[in-house]
There are 2 protein chains.
Amino acid sequence: MKIKLLHEKLNNYLTKNRLKSTKQRDIIVETFFETQGEHVKIEELLELVRKKNPQIGYATVYRTLMLLVDAGVAHQRHFHDGQSRFEIESAHHHDHLICTECGKIVEFENNTIEEIQEKVAKKNKYNLTGHKLELYGVCEDCQKK
Amino acid sequence: MKIKLLHEKLNNYLTKNRLKSTKQRDIIVETFFETQGEHVKIEELLELVRKKNPQIGYATVYRTLMLLVDAGVAHQRHFHDGQSRFEIESAHHHDHLICTECGKIVEFENNTIEEIQEKVAKKNKYNLTGHKLELYGVCEDCQKK
DNA sequence: TTTCTTGCAAAGACTTTGCATCCAT
DNA sequence: ATGGATGCAAAGTCTTTGCAAGAAA
């Protein structure tokens with residue numbers, strides 16, 4: 001999704017819920033949107049944000065990320081290391097292939113897997129609402145080492 | 001895997017590492033092995049264990065579970081609720097279908113998904129070491145409510 | 001003004017660990 | 001007697017929240 005659309009979506013959400021826009025919030029949102037393709041942890045985003053304004057606190061970044069998730073412009077992920085990571089909402093669903101050595105993350109889509117998942121759910125009479133698929137391995141670069 | 005084999009595997013591990021068997025450890029292991037097919041949390045196992053010996057502490061259950069994982073007779077899982085759950089090591093790899101309402105867990109195997117995962121990894125030149133697939137949905141019983 | 005936001009610090013929820021004591025070998 | 005095991009309490013991690021003070025609208 002284009003950044004412009006994300007801003008629109010977010011602004012709609014803010015208006016609809018009578019929320020305000022502030023200096024801090026603007027910086028955090030702007031910085032988060034600059035992480036296109038990454039999967040930032042709260043601490044990482046905080047660090048980036050503080051380069052622009054060192055006064056901003058952890059809790060504000062945390063709450064802004066929650067806001068972005070609620071507004072539907074960010075996705076929260078929990079990979080194997082236990083910390084939350086956030087990525088920009090993208091048009092297409094995708095899963096992740098993660099290097100256990102360097103942490104590099106490749107995103108991929110696979111319709112066949114999605115279809116089988118639906119079948120498995122149906123067979124067990126579950127009404128599927130979501131799923132989580134993560135592949136862990138060692139990337140090419142790390143294999144060389 | 002049969003309980004008997006698990007005991008054997010565990011005993012080998014204990015011997016190999018010069019670890020001792022104790023009253024507490026025996027009770028915890030026995031109780032854990034009785035949870036066949038379940039995915040117990042530490043607290044849950046502690047409660048079961050305390051029915052047999054109320055003096056046993058949380059840390060002992062915790063450490064025993066770590067031991068079982070190290071010995072290869074238990075698997076540690078992290079589902080969506082953030083708490084660790086433990087299941088008995090089973091011969092066949094399987095994934096989980098989890099009810100978000102009541103927490104019921106169905107285990108399933110699907111070779112096609114496994115194969116595709118390998119392909120995805122290969123295509124990206126990752127050396128696959130593990131994966132995590134969880135389906136979330138609402139089970140039949142909970143749909144009725 | 002009124003209501004939302006911020007930043008700090010404190011509280012939670014779990015998981016891990018230090019240590020004196022206890023127990024199996 | 002040794003060295004591992006236990007229980008408790010304390011320390012870690014990360015995530016959430018209460019609150020007084022500060023900004024939007």
Side-chain angles (χ1 to χ4, degrees), chain A residues 10-32 39-71 74-86 103, chain B residues 10-32 39-71 74-86 103:
Chain A
L10 175 58
N11 286 334
N12 282 344
Y13 182 86
L14 295 179
T15 307
K16 204 170 295 173
N17 295 280
R18 290 185 209 71
L19 302 178
K20 294 169 181 173
S21 85
T22 65
K23 241 184 317 168
Q24 292 92 327
R25 195 166 276 175
D26 289 347
I27 291 178
I28 297 167
V29 169
E30 173 194 307
T31 308
F32 176 67
H39 300 74
V40 285
K41 300 183 218 177
I42 299 172
E43 284 289 355
E44 290 171 346
L45 185 56
L46 177 63
E47 207 180 310
L48 293 173
V49 158
R50 281 188 167 159
K51 286 181 185 166
K52 301 180 182 172
N53 179 341
Q55 309 315 316
I56 294 178
Y58 179 99
T60 305
V61 171
Y62 169 78
R63 284 188 278 230
T64 302
L65 281 168
M66 294 300 132
L67 174 70
L68 294 180
V69 170
D70 289 344
H75 251 347
Q76 184 169 14
R77 308 265 180 198
H78 301 272
F79 296 146
H80 209 358
D81 63 358
Q83 285 165 79
S84 284
R85 287 160 182 272
F86 297 82
Chain B
L10 175 58
N11 287 333
N12 282 344
Y13 183 86
L14 294 178
T15 307
K16 203 170 294 172
N17 294 281
R18 290 185 209 71
L19 303 178
K20 295 170 180 171
S21 85
T22 64
K23 242 182 318 170
Q24 292 92 329
R25 196 167 275 176
D26 290 347
I27 291 178
I28 296 168
V29 169
E30 173 194 307
T31 308
F32 176 66
H39 300 74
V40 285
K41 300 182 216 176
I42 299 172
E43 285 288 355
E44 290 171 345
L45 185 57
L46 177 62
E47 207 179 310
L48 292 173
V49 158
R50 282 188 166 158
K51 286 181 185 167
K52 302 180 182 172
N53 180 342
Q55 308 314 316
I56 294 177
Y58 179 98
T60 305
V61 171
Y62 168 78
R63 284 189 277 229
T64 302
L65 281 169
M66 294 300 133
L67 174 69
L68 295 180
V69 170
D70 289 345
H75 250 350
Q76 184 169 13
R77 307 267 179 195
H78 300 273
F79 295 146
H80 211 357
D81 64 358
Q83 285 164 80
S84 284
R85 288 159 183 272
F86 297 82

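Note: hydrogens, waters and symmetry copies are ignored here, and every other heavy atom, side chains too, is used. Chain letters run A, B, ... following the sequence lines, proteins first, then strands; residues in each count from 1.
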What is the distance, rounded to the nearest whole Å, between atom CD of A:Q55 and atom C1' of D:dA23? 16 Å

Can you tell me the distance, in whole Å, between the NE2 atom of A:H78 and the C1' atom of D:dT13? 15 Å

Whichever of B:A59 and B:R25 has the more 5' nearest nucleotide on DNA chain D, that residue is B:R25

CD1-OG1 distance between B:I27 and B:T64, expressed to the nearest 0.5 angstrom: 10.5 Å

Could you state the atom-to-atom distance from OH of B:Y58 to C1' of D:dC8 in whole Å? 14 Å

A:N53 has an atom CG; how far is it from atom C1' of D:dA23, in whole Å? 14 Å

Walk me through whether A:F86 and A:M66 qualify under side chain to side chain contact (heavy atoms under 4.5 Å, CB included). CA-CA 10 Å; A:F86 297 82; A:M66 294 300 132; 3.9 Å; yes

Want to settle it: does B:T22 or B:Q83 sit nearer the 5' end of DNA chain C, counting the closest nucleotide to each? B:Q83

Chi angles and distances behind the side chain to side chain contact (heavy atoms under 4.5 Å, CB included) call for B:E43, B:Q83: CA-CA 10 Å; B:E43 285 288 355; B:Q83 285 164 80; 5.6 Å; no

Inspect the surroundings of NE2 in A:H80 and state if more than 12 heavy atoms from other residues, nucleotides or ligands are less than 6.0 Å away. no

Can you measure A:K41 atom NZ to D:dT13 atom P for me and round it to whole angstrom units? 13 Å

Separation of atom OH in B:Y62 from atom P in D:dA10, rounded to whole Å: 19 Å

Length of the CD-C1' vector between A:Q24 and D:dG22, whole Å: 10 Å

How is A:R18 classified with respect to the nucleic acid when contacts are heavy atoms under 4.0 Å: base, sugar-phosphate, or nothing? sugar-phosphate

Residues, nucleotides or ligands: over 12 heavy atoms within 6.0 Å of B:K23 NZ: no

Tell me whether the side-chain N or O atoms of B:R63 pair up with the base of D:dG7 as donor and acceptor below 3.5 Å, since no angle test is needed here. yes

Separation of D:dA5 atom P from B:M66 atom CE, nearest Å, is 15 Å

Taking any atom closer than 4.0 angstrom to a non-hydrogen atom of chain A, what span of DNA chain C does the protein reach, first nucleotide to last? C:dT3 to C:dC8

Are B:N17 and B:D70 close enough that some pair of their side-chain heavy atoms sits under 4.5 Å apart? no

Which atom of B:I56 lies closest to which atom of B:L46, heavy atoms considered: O-CD1, 3.7 Å

